[in-house]
Q: 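Here it is: the structure, laid out below.
All ligand and atom numbering here is 1-based and tracks the order in the structure. In this text, all values refer to a predicted model and were calculated from it rather than measured experimentally. We use all heavy atoms of the structure for the numbers below, so side chains are in, but hydrogens, waters and symmetry mates are not. FYI, the numbering just counts along the sequence from 1.
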Amino acid sequence: MTAYPFDAPASQALLERALAVTPGGVNSPVRAFRAVGGTPRFMVSGHGPYLTDADGREYVDLVCSWGPMILGHGHPAVQQAVAAAAAKGFSFGTPSENEVALGEEIVRRVAPVEQVRLVSSGTEATMSAIRLARGYTGRSIVVKFAGCYHGHVDSLLAQAGSGVATFALPDSAGVPKEMAAETIVLPFNDLDAVEAAFAERGSEIAALITEASPGNMGVVPPAPGFTEGLRRITAAHGALLISDEVMTGFRCSEAGWFGLEAGEQGYAAGAPDLFTFGKVMGGGFPAAAFGGRADVMALLAPVGPVYQAGTLSGNPVATAAGLATLQQCTPDLYARLGEVADALTAGLDEHLSAAGVPHVVQRAGSMFSVFFRDGQVRDYDEARAQHVPAFAAFFHSMLSQGVYLPPSAFESWFVSGAHDDVAVDRVLAAIPAAASAAAEAFATIDS
Ligand SMILES: *Cc1c(COP(=O)(O)O)cnc(C)c1O
C-alpha cells in the first residue's frame, strides 16, 4: 500500500492491536481506509467541528460520525441531557418517558408519520419496515434502487451503496439466493424502469424502498417529480412506499428530505406510507425509528401479528441524547448548515475548476459530495464512472492539511452547526493543494 507523508504512528500502533482482534481492524468497513490507502486515524476526542487523533493531530471533521453530529461534537445541551439521564440509570427494560418524548418529537416534525417504533440502528429500522410492509400486503417482493444503502439487511444488500459501493462489491456473500430473488433492483431516477417492473410484477410487490435523497453513492438527489412518481406507481399497485430517511431525516430540514421536497402539503399523489430514521435522531447514540400510517403501524406486536422487539429499544440515555439534539435543530441551525455548505461547495467548485479537474459537486440540503467526473450524476452507473484515484489523492491532501473527509468517493460529506467561520476557512485554505493533487492523479493514472 502507498506510504503517505503524514502517516500516524499512534494510529498505526492501535491499528495493529485492532487487526489482531477484529477483521480489518474496524467495526464498520468504510472506516478502514481500504479505498484510499494509508492508516485509518483512531480518534480520541471530538470538540465542536474538530476531531483529535491518537497522534494529537486536529482535523476539521466533515464526516460528523456519518451524519449524527449535526450540532458538532460534545454539544453542551446534549452532554447535560446525557449526564442527567445516566444519573438515573442506564436501561430499565420497561417503558420510560424519554422514549415517549422522542416519539412525540418525530411525529410532530414529519406530518405523515402518525406512529413510530424506536429501534437501535438504521439497519433495524429498514429491516422492520420491510417486514411490516410484507405483513401488511401479504406479498414478498421488495423493489430497491442500485446505489441506495439501507443498512446491512440481507434482502437490501444487492447493488447497495456505502461500503458495498466503496469496495465495488456487486452484493454480499452470505445472502441466500432465495432471499436475493425477492429483491428487484432498478436504476435510480428512472421512472420508466419502475413502471415496467410494476407492470410485470406489481401484484407481488410488497414495497418499494428508496433513500429519500440518496447519499450512500455520493449525493444523488431525486429528479423533480421522481418521488411523486414513485408514490403514484406504488399506490396504483397496492404496494407500500418506504422512504428511508436514516441519513436525510432531520438533516436536510426540520422534517428531513420530506420537508424540503414536499413541504407541509406533501406530494400531490400522497405521502410515503412508512419512513425510517436514524443518525441525527440519536444524537450520536444508538437510536433509530420507523413509522408512518397508523393503520399500517397497528399491525406491529403487541397490537398486531408482525413481530418486532429490542432489549435496548428506546434506551433512556440514547433517547435523551436524541431528544436534546432535535430540540437544537431549529430553523437557525438549518440556515447555518446551508451557509457552511454554500461556502464549501463554492470553494470546491472554484478551486477544482482552476486546477482543471473534471468534477461535479452535488447537493441535497446541506449534504454534498464531489464526483471526479464531468456532468451530472443521476444514478449509480454514473456515480461509478468517476475517477476514484483522483478522490484518493484529494482525500490524502486534505487529511495531511487537517481536514477529515469520508474515506470513500461514494459517501456524503456532513457539516454541523459548530462549523464556524474559522473551521470553514481552514477547509477552504486546504482545497487548492488538494485540487492540484487530484489534477496530478488525473494526469498520471488512467481513468
Ligand atoms: C446509515 C444508513 C442506514 C443504516 O443505519 P445503521 O444505523 O448504520 O444501521 C440505513 N439507511 C440509510 C439511508 C443510511 O444512510
Side-chain angles (χ1 to χ4, degrees), residues 26-32 63-70 110 117-131 133 142 144-166 172 183 188 207-222 227 230 241-252 256-258 260-261 272 274-292 308 310 312-315 318-319 321-322 325 364-369 380 383 406 408 410-414:
V26 292
N27 286 305
S28 198
V30 178
R31 297 178 193 170
V63 177
C64 290
S65 188
W66 305 95
M69 307 319 298
I70 195 167
V110 189
R117 171 67 55 87
L118 300 187
V119 293
S120 300
S121 71
T123 295
E124 257 186 282
T126 59
M127 179 186 78
S128 306
I130 295 287
R131 183 181 307 135
V142 171
K144 77 171 289 275
F145 294 111
C148 282
Y149 179 69
H150 304 290
H152 60 99
V153 179
D154 277 343
S155 59
L156 300 178
L157 277 175
Q159 295 183 51
S162 192
V164 184
T166 300
S172 169
T183 308
F188 192 69
L208 181 150
I209 185 168
T210 183
E211 281 190 60
S213 179
N216 284 293
M217 51 176 140
V219 173
V220 180
T227 316
L230 298 180
L241 176 60
I242 305 173
S243 183
D244 182 353
E245 293 237 27
V246 170
M247 182 180 284
T248 51
F250 319 112
R251 159 71 55 185
C252 290
W257 179 259
F258 180 81
L260 198 67
E261 189 181 54
L274 294 174
F275 292 75
T276 53
F277 304 106
K279 298 195 166 96
V280 168
M281 64 155 283
F285 285 76
F290 64 103
Q308 189 282 329
L312 296 179
S313 293
N315 174 269
T319 49
T325 298
S366 67
M367 288 165 41
F368 60 91
S369 69
Y380 188 41
S408 163
F410 297 91
E411 299 282 1
S412 176
W413 306 10
F414 297 97

Q: Identify, chain by chain and in numerical order, each protein residue with a heavy atom under 4.0 Å from an atom of ligand 1.
A: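 For ligand 1, the contacting residues are Ser121, Gly122, Thr123, Tyr149, His150, Gly151, Glu211, Asn216, Asp244, Val246, Met247, Lys279.
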Q: Less than 4.5 Å apart, side chain to side chain, heavy atoms only: is that true for Arg251 and Lys279?
A: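 Heavy-atom side-chain distance check fails, nothing below 4.5 Å.
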Q: Does any N or O in the side chain of Ser155 come within less than 3.5 Å of the main-chain N or O of Thr183, such that one atom is a donor and the other an acceptor?
A: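 A pair under 3.5 Å: no.
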Q: List the steps and the verdict of side chain to side chain donor-acceptor pair (under 3.5 Å) for Arg117 and Gln308.
A: CA-CA 9 Å; Arg117 171 67 55 87; Gln308 189 282 329; 2.9 Å; yes
Q: Give the C-alpha distance, both sets of side-chain angles, the deciding distance and a yes or no for side-chain contact (heavy atoms from CB on, under 4.5 Å) between Arg31 and Val63.
A: CA-CA 11 Å; Arg31 297 178 193 170; Val63 177; over 6 Å; no
Q: Please name the pair of heavy atoms, one in Ser369 and one in Ser412, separated by the smallest distance, quoted to 0.1 Å.
A: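 Result for this residue pair: CB-CA, 4.3 Å.
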Q: Could you name each residue pair satisfying side chain to side chain donor-acceptor pair (under 3.5 Å) that touches residues 208-222, not counting sequence neighbours?
A: Glu211-Asn216
